[in-house]
Amino acid sequence: MTIEELKLDMKWWESKRWIFNCLVCFFGSLALYKGLSQCDYSWSISDTTGVLIWGIGANILYSLGILLELFDWYYLKNKIGIRNFRVFLFTVGLLFSCFWTYCSAFLYLIGHIW
């Protein structure tokens, strides 16, 4: 892999980041809406801070895709061929992140009802 190919790989991952962010935000908002509509909860600044930290953390974990490709290229000399699995990795990571965000946000709010 050349530096140009690596740049193209990074561009591929970064071009999909907005899809990831929109879907994770949607599922998080859906969980918050459902949770807040079922309980009497007073939203606070610490909740807003938690949502922002969650979003930053999700984007850091999203960056593992390009880091795995870089690791495979530099250290393993493309023995694994992660580039061939990137659509699969993106899809699985996206579904997991949406599921985890939905469940965590909903359970956080439901925990305040009990």
Side chains of [X] and [Y]: does their closest heavy-atom pair fall under 4.5 Å?
{"X": "Leu95", "Y": "Cys98", "answer": "no"}
{"X": "Trp13", "Y": "Tyr62", "answer": "yes"}
{"X": "Trp43", "Y": "Leu32", "answer": "yes"}

Checklist entry - Considering all heavy atoms of both residues, which atom of Leu109 and which atom of Ala31 are nearest to each other, and what is their separation? => result CD1-O, 4.3 Å
Item to check | Which atom of Thr101 lies closest to which atom of Gly28, heavy atoms considered | outcome: CG2-CA, 3.6 Å
How would you list, by chain and number, every residue that makes a side-chain contact (heavy atoms from CB on, under 4.5 Å) with [X], sequence neighbours excluded?
{"X": "Ser104", "result": "Trp54, Trp100"}
{"X": "Ala58", "result": "Phe20"}
{"X": "Leu70", "result": "Leu6, Trp73"}
{"X": "Lys11", "result": "none"}

Are [X] and [Y] in one and the same hydrophobic cluster, where Ile, Leu, Val, Met, Phe, Trp and Tyr link if side-chain heavy atoms are under 4.5 Å apart?
{"X": "Leu61", "Y": "Leu67", "answer": "yes"}
{"X": "Phe27", "Y": "Phe99", "answer": "no"}
{"X": "Ile56", "Y": "Val24", "answer": "no"}

My understanding is that only residues two or more places apart in sequence, or in another chain, count here; which of them pass side chain to side chain donor-acceptor pair (under 3.5 Å) with [X]?
{"X": "Trp12", "result": "none"}
{"X": "Thr91", "result": "none"}
{"X": "Thr49", "result": "none"}

Checklist entry - Under the salt bridge (Lys or Arg N to Asp or Glu O under 4.0 Å) test, which residues partner Lys77, sequence neighbours left out? => result none
Item to check | Set of residues satisfying salt bridge (Lys or Arg N to Asp or Glu O under 4.0 Å) with respect to Glu14, sequence neighbours excluded | outcome: Arg17
Checklist outcome for this item: Besides Tyr33, the hydrophobic cluster formed by Ile, Leu, Val, Met, Phe, Trp and Tyr side chains linked at under 4.5 Å, directly or via other members, contains none
[atom1]/[X] to [atom2]/[Y] distance, rounded to the nearest 0.5 angstrom?
{"X": "Ile66", "Y": "Leu64", "atom1": "CD1", "atom2": "CG", "value": "11.0 Å"}
{"X": "Leu94", "Y": "Asn21", "atom1": "CG", "atom2": "CG", "value": "10.0 Å"}
{"X": "Leu8", "Y": "Met10", "atom1": "CG", "atom2": "CE", "value": "11.0 Å"}

Item to check | Verdict with supporting geometry, Tyr108 and Asp47, side-chain hydrogen bond (donor to acceptor under 3.5 Å, both in side chains) | outcome: CA-CA 10 Å; Tyr108 173 77; Asp47 295 323; 2.7 Å; yes
Checklist entry - With sequence neighbours left out, which residue pairs that include part of residues 99-110 fulfil the salt bridge (Lys or Arg N to Asp or Glu O under 4.0 Å) condition? => result none
Checklist entry - Are Tyr102 and Lys34 close enough, and set up right, to give a side chain to side chain contact (heavy atoms under 4.5 Å, CB included), and what steps lead you there? => result CA-CA 10 Å; Tyr102 182 84; Lys34 284 186 168 193; 3.4 Å; yes
For a quick test of your reading: what N or O donor-acceptor pairs under 3.5 Å do the side chains of residues 78-90 make, sequence neighbours left out?
from  : atom 1 : to   : atom 2 : distance (Å)
Arg83 : NE     : Asp9 : OD1    : 3.1
Arg83 : NH2    : Asp9 : OD1    : 2.8
Arg86 : NH2    : Asp9 : OD1    : 2.8

